[in-house]
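Notes follow once the structure below has been shown.
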Amino acid sequence: MLSVEWIQVAEMCFYLDDVNEDSKIVCLCSRAFVNDRNLYYLGFKGTGFSRKEGKEDVEDDDEDASVVPSTNSSISVFAEENELDSEAEIMLKMGLPLQFGGSSYERDYVPLDSCEKVNKIWKKRKTKCKRPLAERIQEAIEELAHNASHSCEEEFPADPEQADIQGGCNVNHKDVNTTESSTLNAPSTESHVKDKWEEYWNQYGQGLLWQHWVEKHPELSLSGELCSLEPWSSADTKDEWDKCYNECYWSYFEQFQYWSNQGWTFDAPNVSKISEIQSQSADESNLNISPRMSAGDSDCLQEDHCKTLVKSMSNINLDTEESDQGHPSLSVINEGNQLQTPESFGKHCPDPNQNEPSDGTGKKYAASGHTDTSPPVSQRSSGSYWRTSPSAILKDGDEEDDEPPECKQAKIKRSHELDADEDPCNDVLVAASTILGLKHGTAQKCGGVSSFSRRTLRYLEKGVKYRSQFLDMHRPVKAKNKHIFFTEEGNAVPKSRTLNKVQTFLKEVNKDIQDPLAETVTLQEVEYSFSSTDSEEQNHPEVKEPSAHLESQSPDSMAKSTVLSNSIWCSKDACAEQDAHHDNDLNSSRQLVPLEIPDYLQHETEVPKNGDDKVKKKRKIKRKTKCLPPEIAAVPHLAKYWAQRYRLFSRFDEGIKLDEEGWFSVTPEKIAEHIASRVRQSCDCGVVVDAFCGVGGNAIQFAKAGNRVIAVDIDPVKLDFARNNAEVYGVTDRIEFIRGDFMLLAQDLKADAVFLSPPWGGPDYVSAETFDIRTMCLDGFEVFRLSKQLTKNIIYFLPRNTDVEQVASLAGPGGQVEIEQNFLNKKLKTMTVYFGDLIRKV
Ligand SMILES: C[S@@+](CC[C@H](N)C(=O)[O-])C[C@H]1O[C@@H](n2cnc3c(N)ncnc32)[C@H](O)[C@@H]1O
Ligand SMILES: C[n+]1cn([C@@H]2O[C@H](CO)[C@@H](O)[C@H]2O)c2nc(N)[nH]c(=O)c21
């Protein structure tokens, strides 16, 4: 059973004119999430990735699902980056190691060890402190513990994500269509990660939070204000504290989730028990302060003492053991004496809209199922810690609104209120772009539409705004503080870290070139040394020729050479494994070309930092043992696709064939499978025309889903490969292969649905801000018009940055369209646009 999370996120309306409501084009925006990490890691077998002992496979029933990165290597980061951000892409194009730049490489780094550092600092400071907490703390703990037992655990779902979906937004609750699948289908990994996150946050959260606070407000620290009041209870700092809390919590949560999904774990140090802390506190502290300090209780005038207080509280609060034993531990104190349990501290959704805050008497403002007529939480005065909407931490710097943003229509102002910055149309488009990740541009619209007079946007998923933050939609990287350096002329020039790294790299490279003894292994050397005396090579007599002849190939020669494309790793084990799966004929015809694995695909740990020759040698030997199929070796930038071969075809090893275009343009299997399942739901057992079938990625899945398929391609090589690949999947009997130009053939075909996956002009489509379907290789409008003559049920597979307005215009006045964003492992990959009966209505 295919487990795909599918969510309808928004409805956009494009009005052709202000008068005629019927002429509007309704565009449903949905998201489909598929996951194929297992297949992905499988592709790294032999490149330093290994099976993680005892890791449960909770994502898929794939046999090799537990293959995970084995060391703390940057490779895992790169590995996830099928699509790189622009900076990384430039790096790649320049042939520079990816570690240099690319925010996609760096941005998700979780400074776990820095947390340790923070803790150490705290510890150190604590020992300096004489008596951070005394009886009053004890008293407060007891009080809080008591209250905690009446905590809102039941009210707040364990998972912050879930909280977002199930919680708040009560005002408009009835209006909001929320698919249950989004929560129900949450993979069990989520709960595992959630548990771990709680543990992590419980352990480090307050330390991190406090550090974040101090960093953000050094001025308070300097002026002594930091210590004179609890920032969370001082009227002046409470809001700022709330904001700080949100930022810190979600930023770490996001990173934690990312790394956990990569198979990383953290070692939780022992948590002190309350009693230990208490006695320690009693011994160490002479301070006589209340846990709920008031302005008058400003005995704690030393920053260290205050920090110690917070840290101690953190230890006390987060004692999970105690909690398990029926002594509910504490987490946070707030003005109104309301408590969050340690659980809710970690679990609590900081979105006030998700929250069911108490007024301090145990009464709730809005319990589930009740209509909330009170103002949004952010407007209420309450002692609760979590006031700030997560929208306040939107990466793009959006300010939060008063209303839950996910439950309202984008505001449209009257025309006389407009100014250049406040164009409501732009509001919608900006929101679509920043929140939904849907691009818009000035591309020509279909059907003579010059532009839309008005647009509206209504979110259909609760929390879409904040949920979107956890997705990689290739947003422009948020402007960071740049290092500024001054030229000799005295001009300030921002200097990026990337530039620095590139400069250092180039220096290094030049050094190597100047040093004739420097050991460098070129691809050529590797290739030739491959047929030398290396013991591993001797086990592979079929590896005879290096890639001297592997230059650019004509389609014909490509056809021949790609017979070799279901190639193998040339290590002993891998070859033995492969041999077991392939017949001898195929093996004997293979020509394997050793790959000089690019540095960015190597383990960082293998790279000796201090010139460790042994390690260096080991690495070189390893290089020699890696092999690629010739069409990959001939085009180095295809290496990344090779690493992902099982994502493209999970049965890759059984004889799948691809050519260069096939490699970069085949639809990843999980996405193709999802699209096919949607089509099956709408036109079961019907005929699907795959107008640009390529090597068969989609056609195979349509056939597997039970449809009959007419697979068309203009390129005979592709068609051969498609047929071959369909055989591997055992579905040739359901597919009719037609070689020809769809633009000419279309009128002769009959179909219940047409799938359009035309060439987008190569992988460079990503470099455009918005993709214009009119000007891709084929005229995308014409492709659509011809298909429309066959059936209204059309699926258009397009780049993720396709101009949404242009796509909407395809539906024509009064028409409807569904734009589905396809996420692969939370990363936006493609856009699938559905027309006719294929639009999913919930
Ligand atoms: C992006 S690929 C299709 C990939 C395919 N969906 C898959 O998963 O393997 C586009 C294909 O369209 C084919 N093509 C280009 N122009 C065509 C035309 N006018 N008629 C039919 N096929 C065409 C190309 O040969 C190429 O194989
Ligand atoms: C250049 N390219 C990539 N993909 C698809 O987009 C994903 C992300 O890059 C690729 O994995 C591939 O499926 C393409 N699909 C079609 N139909 N045509 C193309 O030219 C193309």
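As the structure is a computational prediction, the values presented were derived from the model and not from experiment. Atoms within a ligand are numbered from 1 in the order they appear, just like the ligands themselves.
In terms of N/O distances under 3.5 Å, ligand 2 is approached by W760. Looking at ligand 1, you'll find an N or O of D741 within less than 3.5 Å of one of its N or O atoms. Annotation: V666 places an N or O atom under 3.5 Å from an N or O atom of ligand 2; distance criterion only. At under 3.5 Å, a nitrogen or oxygen of T667, whether backbone or side chain, sits near a nitrogen or oxygen of ligand 1. For D713, a nitrogen or oxygen atom sits less than 3.5 Å from a nitrogen or oxygen atom of ligand 1, counting backbone and side chain alike.
Residue-ligand proximity, V666 to ligand 1, at heavy-atom distances under 4.0 Å covers atoms 7 (C), 8 (O), 9 (O). Within the listing of ligand 1, atoms 9 (O) sit less than 4.0 angstrom from a heavy atom of G696. Residue contact check: F664 has heavy atoms under 4.0 Å from atoms 1 (C), 2 (N), 3 (C), 4 (N), 10 (C), 12 (C) of ligand 2. With ligand atoms numbered from 1 in the order given, ligand 2 contributes 1 (C) to contacts under 4.0 Å with heavy atoms of G762. Listed by number with element, the atoms of ligand 1 under 4.0 Å from a non-hydrogen atom of S757 are 1 (C), 2 (S), 3 (C), 4 (C), 5 (C), 6 (N), 10 (C). Each of the atoms 5 (C), 6 (N), 7 (C), 8 (O) of ligand 1 lies under 4.0 Å from some heavy atom of N698. Residue contact check: D715 has heavy atoms under 4.0 Å from atoms 25 (O) of ligand 1. Heavy-atom proximity to T667, at under 4.0 Å, picks out these atoms of ligand 2: 13 (O). Annotation for ligand 1: atoms under 4.0 Å from non-hydrogen atoms of G740 are 20 (N), 21 (C). For ligand 1, the atoms closer than 4.0 angstrom to any heavy atom of C693 are 5 (C), 7 (C), 9 (O). Heavy-atom contacts of P759 reach the following atoms of ligand 1: 10 (C), 12 (O), 15 (C) (cutoff under 4.0 Å).
Aromatic rings of F652 and W642 (six-membered ring for Trp) have centroids within the 6.0 Å cut-off, being under it.
A 4.5 Å side-chain heavy-atom check between I710 and V687 finds at least one atom pair inside the cut-off. With contacts defined as side-chain heavy-atom distances shorter than 4.5 Å, the pair R708/V688 does not qualify.
With sequence neighbours left out, the side-chain contact (heavy atoms from CB on, under 4.5 Å) criterion links S757 to N698, F755, F797. With sequence neighbours excluded, no residue forms a side-chain contact (heavy atoms from CB on, under 4.5 Å) with Q747.
Nearest approach of S30 to R678, heavy atoms of both residues: OG-NH1, 4.4 Å.
When W760, W663, F742 are ranked by how near their heavy atoms come to atom 20 (N) of ligand 1, first place goes to F742. Distances from atom 7 (C) of ligand 1 to the heavy atoms of A672, G697, A691 put G697 nearest.
Taking the six-membered ring for Trp and thresholds of 30 and 60 degrees, F664 and Y641 have ring planes inclined between 30 and 60 degrees apart.
Only the backbone of P758 comes within contact range of ligand 2, with a heavy atom under 4.0 Å; no side-chain atom does.
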